[in-house]
Number of protein chains: 2
Amino acid sequence: MSYCYCILLRKASRRVTSLYDEALAPVGVNLAQFSLLRNIQRAEPISLTDLGQRTELDRSTVSRNVKVLEKMELVAMANGQDQRESAVELSDKGRQVLRDGAPLWDGVQTAIEAKLGDEASAQLTALLQAL
Amino acid sequence: MSYCYCILLRKASRRVTSLYDEALAPVGVNLAQFSLLRNIQRAEPISLTDLGQRTELDRSTVSRNVKVLEKMELVAMANGQDQRESAVELSDKGRQVLRDGAPLWDGVQTAIEAKLGDEASAQLTALLQAL
DNA sequence: ACATATTGCGTGTATATACACGTAACTTCT
DNA sequence: AGAAGTTACGTGTATATACACGCAATATGT
């Protein structure tokens, strides 16, 4: 009787998310928001649809998550190529959060690697990508 | 520059959850609900607090998820030891879902093992438990 | 040009999840 | 017995997430 891979994944996901959330709390965002900001930064200005593909999230999910970031004034919506397309851009405040959050994010990242060891960390990365 | 373990986990979690959800669709529950039913089965009648500890979920989350199962008539609430405690039990319909869902769940489980290989599957299990 | 198809987005609806807070019930201490 | 603390639970609020649907804008085919 093997453990359910899905449940193991979901539990680990919740636990680890909690670690990153706590670490990032000082800059006022959670892991999901920090990651979304990073994805925006890598391709700004970016449409919501493109952002959804990059993050592997449903477009409507991205739409709502971006709206929260907008309310926090970390990003701003601009006009895209089309009238229908809207382009997300970081605000100065958003860039600051990314700068301030980077070492916090790195701390958790390093802590996980220290806990698992280098080899196991690499294995984990490979396995998660293979799923 | 390493990948964010949390994001890798969350993405894998969403992808894999989706696999199980699709497989379980014929019996009318998703993976989270199926898993919750299984946890109830293992310890019924069980209080919401105990169920929360078993599933590593917040009590309020369990409370709400159980409420959905109750509306689907897969579980029923009975009186616990106390007046404050409520005990969750499976209904016949709930047991049937567990029976019918088992082979569907097993199919995904086997498919994942086939994809990763036995050794990698065992590694994955160990790594996820270590996190 | 006009009808049709596609694209990009928002909203409605639903589950999953957590934290904070309040309430009722039980326990413990004096 | 009565006060104080603990336990079990529900609800309010908020984010995360997906699917279905509809609308507006653009592209395409005749």
Side-chain angles (χ1 to χ4, degrees), chain A residues 6-7 9-22 24-25 28-37 39 45-72 74 77-88, chain B residues 6-7 9-22 24-25 28-37 39 45-72 74 77-88:
Chain A
C6 196
I7 290 301
L9 270 169
R10 290 165 68 93
K11 283 185 181 176
S13 184
R14 288 197 300 265
R15 282 195 300 264
V16 173
T17 296
S18 176
L19 290 180
Y20 283 86
D21 283 353
E22 280 175 42
L24 290 170
V29 295
N30 61 30
L31 185 276
Q33 294 166 339
F34 189 73
S35 170
L36 189 52
L37 285 174
N39 274 286
I46 185 174
S47 73
L48 296 178
T49 298
D50 288 351
L51 198 48
Q53 288 185 330
R54 274 177 171 270
T55 54
E56 293 184 29
L57 291 171
D58 190 86
R59 197 186 27 70
S60 68
T61 298
V62 170
S63 177
R64 286 182 166 112
N65 293 2
V66 163
K67 193 170 291 179
V68 175
L69 294 180
E70 204 184 354
K71 194 179 296 177
M72 296 167 83
L74 302 180
M77 305 300 290
N79 292 327
Q81 310 269 338
D82 286 354
Q83 287 309 100
R84 46 193 174 160
E85 188 179 302
S86 50
V88 189
Chain B
C6 195
I7 291 301
L9 270 170
R10 290 165 68 93
K11 283 185 182 177
S13 184
R14 289 196 299 265
R15 282 195 300 266
V16 173
T17 296
S18 177
L19 290 180
Y20 284 85
D21 283 354
E22 281 176 41
L24 290 170
V29 295
N30 60 30
L31 185 275
Q33 294 166 339
F34 189 73
S35 170
L36 189 51
L37 285 175
N39 274 288
I46 185 174
S47 73
L48 296 178
T49 298
D50 288 350
L51 198 47
Q53 288 184 330
R54 274 176 172 269
T55 55
E56 293 184 31
L57 291 170
D58 191 85
R59 197 184 28 70
S60 68
T61 299
V62 170
S63 177
R64 286 181 166 112
N65 293 2
V66 163
K67 194 170 290 180
V68 175
L69 293 180
E70 204 183 352
K71 194 180 296 178
M72 296 167 82
L74 301 181
M77 306 299 290
N79 292 327
Q81 309 270 336
D82 285 354
Q83 287 309 100
R84 46 191 175 161
E85 189 179 301
S86 50
V88 189

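Letters A, B, ... mirror the listed sequences (proteins, then strands); counts begin at 1. Computed from a predicted structure; not experimentally measured. FYI, side chains are in, hydrogens and waters are out, and symmetry mates aren't considered; it's all heavy atoms of this structure.
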For the pair B:Leu74 and B:Gln33, evaluate side-chain contact (heavy atoms from CB on, under 4.5 Å) and give the outcome as yes or no after the intermediate values. CA-CA 10 Å; B:Leu74 301 181; B:Gln33 294 166 339; over 6 Å; no
Would a distance-only check, ignoring hydrogens and angles, find a side-chain to backbone donor-acceptor pair under 3.5 Å from A:Asp82 to A:Arg84? no
Does the A:Ser63 side chain pair with the main chain of A:Arg59, one donor and one acceptor, at a distance under 3.5 Å? no
Below 3.5 Å, does any donor atom in the side chain of A:Arg84 face an acceptor in the base of D:dG22, or the other way round? no
I'd like to know if B:Arg64 reaches the base of D:dT13 with its side chain such that a donor and an acceptor end up less than 3.5 angstrom apart. yes
I need the [atom1]-[atom2] distance between [X] and [N], as an integer number of Å.
X       : N      : atom1 : atom2 : value
A:Glu85 : D:dT26 : CD    : C1'   : 11 Å
A:Leu36 : D:dT15 : CG    : P     : 13 Å
B:Arg14 : D:dC19 : CZ    : C1'   : 15 Å
A:Asp82 : D:dA24 : CG    : C1'   : 11 Å
A:Leu31 : D:dT17 : CG    : C1'   : 15 Å
B:Leu48 : C:dT23 : CG    : P     : 20 Å
A:Asn79 : D:dA25 : CG    : P     : 13 Å
A:Arg10 : C:dT15 : CZ    : P     : 14 Å

Output the distance between atom [atom1] ([X]) and atom [atom2] ([Y]), rounded to the nearest 0.5 Å.
X       : Y       : atom1 : atom2 : result
B:Ser13 : B:Leu31 : OG    : CG    : 9.0 Å
B:Thr17 : B:Asn30 : OG1   : CG    : 9.0 Å
B:Thr55 : A:Arg14 : OG1   : CZ    : 7.0 Å

Select base, sugar-phosphate, or nothing to describe what A:Ser18 touches, counting heavy atoms under 4.0 Å on all strands. nothing
Under 4.0 Å from OP1 or OP2 of [N]: is there any side-chain N or O of [X] that close?
X       : N      : value
A:Asn30 : D:dA16 : yes
A:Lys67 : C:dT11 : yes
A:Ser47 : C:dG8  : no
B:Asn65 : C:dT15 : no
B:Gln81 : D:dA8  : no

Nearest-neighbour nucleotide for the [X] side chain, [options] considered:
X       : options                : answer
A:Ser63 : C:dT11, D:dA25, C:dT17 : C:dT11
A:Gln33 : C:dG10, D:dT26, D:dT15 : D:dT15
A:Gln83 : C:dT15, D:dG10, D:dA25 : D:dA25

Go through it in stages, so that I can follow the logic: the residues are B:Ile7 and B:Lys11, the test is side-chain contact (heavy atoms from CB on, under 4.5 Å), and I'd like the CA-CA distance, side-chain angles, deciding distance and then a yes or no. CA-CA 6 Å; B:Ile7 291 301; B:Lys11 283 185 182 177; 3.8 Å; yes
What residues in residues 49-62 of chain B put a non-hydrogen atom under 4.0 Å from any atom of DNA chain D? B:Thr49, B:Arg59, B:Ser60
Nearest heavy-atom contact between B:Val88 and B:Leu48 is CG2-CD2, 3.6 Å
